[in-house]
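Every chain is numbered from 1, with letters handed out A, B, ... down the list of sequences.
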Amino acid sequence: MPRTLTYMKAINEALAQEMARDETVVLFGEDVAGGAGTHEEMDAWGGVFGVTKGLWEQFPDRVIDTPISESAYVGAAAGAAASGLRPVAELMFVDFIGVCLDQIMNQAAKFRYMFGGKAETPMVIRTCFGAGVGAAAQHSQSLYPVLTHIPGLKVVVPSNPYDAKGLLVAAIRDQDPVIFCEHKAMYAMRGEVPEDLYEVPLGQARIVRPGDDVTIVALGRMVQIAEQAAKKLEADGVSAEIIDPRTTSPLDSQAILDSVRKTGHYVVVDESSPRCGMGTDLISLVATSDVALRGIPQLVTPPHTPVPFAKNLEQAYIPNPDKVVAAVRAATREGAFA
Amino acid sequence: MTTAIRPPIGLDPGLLSRDDLLRAYRTMRVIREFEERVHKEFATGEIPGFVHLYAGEEAVATGVCDVLKPNDYIASTHRGHGHALAKGCDVKGMMAEIYGKATGLCHGKGGSMHIADIDTGMLGANGIVGGGPPLVCGVGLTSKVLKTHQVGISFTGDGGSNQGTFLESLNLASVWDLPVVFIIENNGYAESTSNQFHQKGIDVARRAEAFGMPGMIVNGQDYFEVREAAQVAIDRARSGGGPSLLECKTVRYYGHFEGDQQKYREPGEVERARAERDPLVIFEKRVTSAGILPADQFRMVDAEVLALIEESVIEAKAAPQPTLESLLDDVYVSY
């Protein structure tokens, strides 16, 4: 019987196995060791969600707590990467990117290009994003488009435990800075995860389910929403193909274009804000291509607002399967271009 | 942990070999002539972008880098030419880079503000004030984890010492016990704003105490004072003693950037500094008055350096621009 793991445990296992394989991999961030070494209770936290729990016991010299000081330790990741380590820095919530964006955007992301190709910066910033756990406006944003916008960064948004493990291994082994965006509402999601160490290459989309009538591109937790919508559509005789790009930079444009060429209809479901976001980028990819759409492409995103706190408001904020079904109906309406 | 802010007496020149002394002087002279020439050439309009000159501060970069090993790392500032030259970056490669040429150290992708050479341990000049201190914390971490005994040095100006990154890095280096030395080059101005205003004129070194590390203040115009203090801090870092903060009081001969009219400075301020506090003059006087080397040895170095700088400018001007095909080189490599 195949083994299943949670999304969280899959990430933990990727870190443990890579750290065991490669002694230059170091992990640091706020509470990643949970204050280990300062009090009797060792390894109490493992980061705010417990993703790194247990790693300090295995690698006490390479799992290192930091002060609440993102600029210093994210910059230290860049300096460590440039001088011989493979650091994995945990940024507790992607919402905190504002306080350390310079070190990512102007330092790490620029080294290779600006220094004439002579610098490599093999670092990973693990961070969590997304709404759905009542964390409200400063702890729920989906900011991966902000990072995707910056040349020199690679951005990963895994949608299931299998991909989370394989993509994280690939991210750690990559020679460029990678932002690894974990959806906090998916940490408990279970899925098949091989025990072996394996890589899911960056820049290779996954066909989540094949279909003929419409292409739905979705990322992260929105893949589940798209799948639920596809089931409803199937009952009505509409066959939806779901593509999960897995990484927003590099982006597997070919897989998306190939699918839309086949189906002729296009819907994007994305949890980031609608203006200048991942969704608009993905729509533009097809709109500016030579693929002839047979309907008006549709974009399903949250409204352009900070994430609300109240449960009913937050649920209304997050794209749901019904909205995706409606978008597919609009995208596949006969004679839309007539 | 003790905090030492003490008046340094300066290293006795007699403790260094004649070769060491001539090498140190040569480095300072290379920096000076490089900068004087860039100043002159910039005025012709041939050099693109922004240029921030280091002339006047030569003893700091040289005094610190002379203590370093080739595999130690430095992180620099927007005023980075002096640091790069002192750490051993190629003079001609640097001049070509400032001209934006394909033969430049960064193939014309970086320019004056981003000169870097990882192989030489130069982690980059930095267009972001306060950008460097976090990076050398990373160097310190690498040294600690891989047990390489390398040391990381960050150069930061008095202006940069007010950035959160600097203070966060002092704390991180202290908490992690990193082999790092934070050098403050206090030239009295954060761009155009006097440190009497931007930090109430209070010595930056005093901040060291708050982070549990030693702070030292030296006359940054005196190579021997800088070198002596740098040696103490670097030895301490290399032997596992943790980070230090070294504040060097220095003088910027030119403006914040080339073209800056410097209306914010006292009339005659720079002229007085050039006459009374020039690091090359101070160096030569200390060595010649101790009878270690005669003045004509220095003049030979001067002539050799002038020729080198002249050559570097001629070659940089004649060098090809980067090809348009190189626009996308090194954006990503692995796909």
Angle between ring planes, A:F111 versus A:F115, binned at 30° and 60°: parallel, tilted or perpendicular?
parallel
Minimum heavy-atom distance between A:A72 and B:P134, given as atom pair plus value
O-CB, 3.7 Å
Among B:G131, B:S169, B:C137, single out the residue with the greatest number of heavy-atom pairs under 4.5 Å to chain A.
B:G131
Name the region of B:N126, side chain, backbone, both or neither, that has any atom closer than 4.5 Å to a heavy atom of chain A.
side chain
Are any of the side-chain heavy atoms of A:D31 and A:M92 separated by less than 4.5 Å?
yes
For B:I118, is it the side chain, the backbone, both, or neither that has a heavy atom closer than 4.5 Å to a heavy atom of chain A?
side chain
Does atom CD of A:Q58 have more than 12 heavy-atom neighbours, drawn from other residues, nucleotides or ligands, at distances under 6.0 Å?
yes
Would you call the rings of B:H83 and B:F155 parallel, tilted or perpendicular, taking 30° and 60° as the class edges?
parallel
Top contributor to chain A contacts, counting heavy-atom pairs under 4.5 Å, from B:I128, B:T165, B:L141:
B:I128
So which part of B:L178 gets closer than 4.5 Å to some heavy atom of chain A, the side chain, the backbone, both or neither?
neither
Looking at A:D61, A:L153, A:V99, which has the largest count of heavy-atom pairs under 4.5 Å with chain B?
A:L153
Note: vs chain B, highest number of non-hydrogen pairs under 4.5 angstrom among A:A81, A:A78, A:G84 is A:G84
When the ring planes of A:Y198 and A:Y162 are compared, do they come out parallel, tilted or perpendicular, using 30° and 60° as the limits?
parallel
Shortest non-hydrogen separation from A:L167 to A:P158 and the atoms involved
CD1-CB, 3.8 Å
Select one option (side chain, backbone, both, neither) describing which atoms of B:V139 are under 4.5 Å from chain A's heavy atoms.
both
Checking A:R112 against chain B: side chain, backbone, both or neither under 4.5 Å from a heavy atom?
both
Contact origin within A:F28 toward chain B - heavy atom pairs under 4.5 Å:
side chain
